[in-house]
Amino acid sequence: MAQGRGSARGNSAAVLALVLLCVLLHGEFAESAVYTVGDRGGWSFNTANWPKGKRFRAGDVLVFRYNAKAHNVVPVSAAGYRSCSAPKGVRALTTGNDRVTLKRGANYFICSFPGHCQGGMKIAVTAA
């Protein structure tokens, strides 16, 4: 019988550890915020200043809402952001309702339709 009780305690400890792990992981994800780029206006021209005054964290989610026939979202490097150019072969997001999870540090996005980035359809977001 003593052997059976020891097993029950071991199982209880394992279940408790699993529950604790789930609670901790849930807390980590619960802290992530979701931002709609451009707020009500969505991803459009002159959104370059949209991030100002906002505090982003790694794991936060940006939602890009836009007319998929007229725009796209392309993650780029700092150089791509400055020059309004996307590297060859980069995968553009094209659904019109794209979600991007921010990584720690600088995150850059442009619209690669001709003239759109130059018209202000680009954002730089720094996540702590």
Margin query: Rounded at 0.5 Å granularity, tell me how far CH2 in W43 sits from NZ in K122.
Written below: 10.0 Å
Next item on the list: Return the minimal non-hydrogen interatomic distance between G59 and S32, and the atom names on each side.
Entry: O-OG, 3.3 Å
Check: Any chain of hydrophobic side-chain contacts (each under 4.5 Å) joining V100 to V90?
Finding: no
Check: Any idea which heavy atoms bring P75 and V73 closest together, and the distance?
Finding: CD-O, 4.0 Å
Margin query: Please give me the minimum heavy-atom distance between N97 and T95, naming the atom from each residue.
Written below: N-OG1, 3.0 Å
Notebook entry, point to check: Counting only N and O atoms by type, is there a donor-acceptor contact under 3.5 Å from the side chain of D60 to the main-chain atoms of L102?
Noted result: no
Check: Is V125 reachable from V63 through a run of I, L, V, M, F, W or Y residues, each pair having side-chain heavy atoms under 4.5 Å apart?
Finding: no
Margin query: Consider side chain to side chain contact (heavy atoms under 4.5 Å, CB included). Of D98, V74, N72, which one does L93 pass it with?
Written below: D98
Check: Are V76 and L62 joined in one hydrophobic group, where the rule is that I, L, V, M, F, W and Y side chains link up if heavy atoms are under 4.5 Å apart?
Finding: no
Margin query: Within a 6.0 Å radius of atom NZ on K54, are there more than 12 heavy atoms belonging to other residues, nucleotides or ligands?
Written below: yes
Notebook entry, point to check: Can you name the nearest heavy-atom pair linking V37 to F64, along with the distance?
Noted result: CG2-CE2, 3.7 Å
Notebook entry, point to check: Is a side-chain N or O of N67 found less than 3.5 angstrom from the main chain of K69, in a donor-acceptor match?
Noted result: yes
Next item on the list: Decide whether I110 and Y108 are clustered together by the hydrophobic rule: side chain heavy atoms of Ile, Leu, Val, Met, Phe, Trp, Tyr closer than 4.5 Å, transitively.
Entry: yes
Next item on the list: Over 60° means perpendicular and under 30° means parallel, so classify the ring planes of H71 and F113, tilted if in between.
Entry: tilted
Check: So which heavy atom on A58 is nearest to which on A127, and how close?
Finding: N-CB, 3.6 Å
Notebook entry, point to check: Within the side chain of R104, is there an N or O that forms a donor-acceptor pair under 3.5 Å with the backbone of A128?
Noted result: yes
Check: If you measure from the SG of C117 to the SG of C111, is it under 2.5 Å?
Finding: no
Next item on the list: Report the distance from atom OG of S44 to atom CZ of R65, rounding to the nearest 0.5 Å.
Entry: 13.5 Å
Note to self: Between N49 (side chain only) and T47 (backbone N and O only), is there a donor and an acceptor less than 3.5 Å apart?
What the structure shows: no
Check: W50 vs F56 aromatic rings, parallel, tilted or perpendicular, using cut-offs 30° and 60°?
Finding: tilted
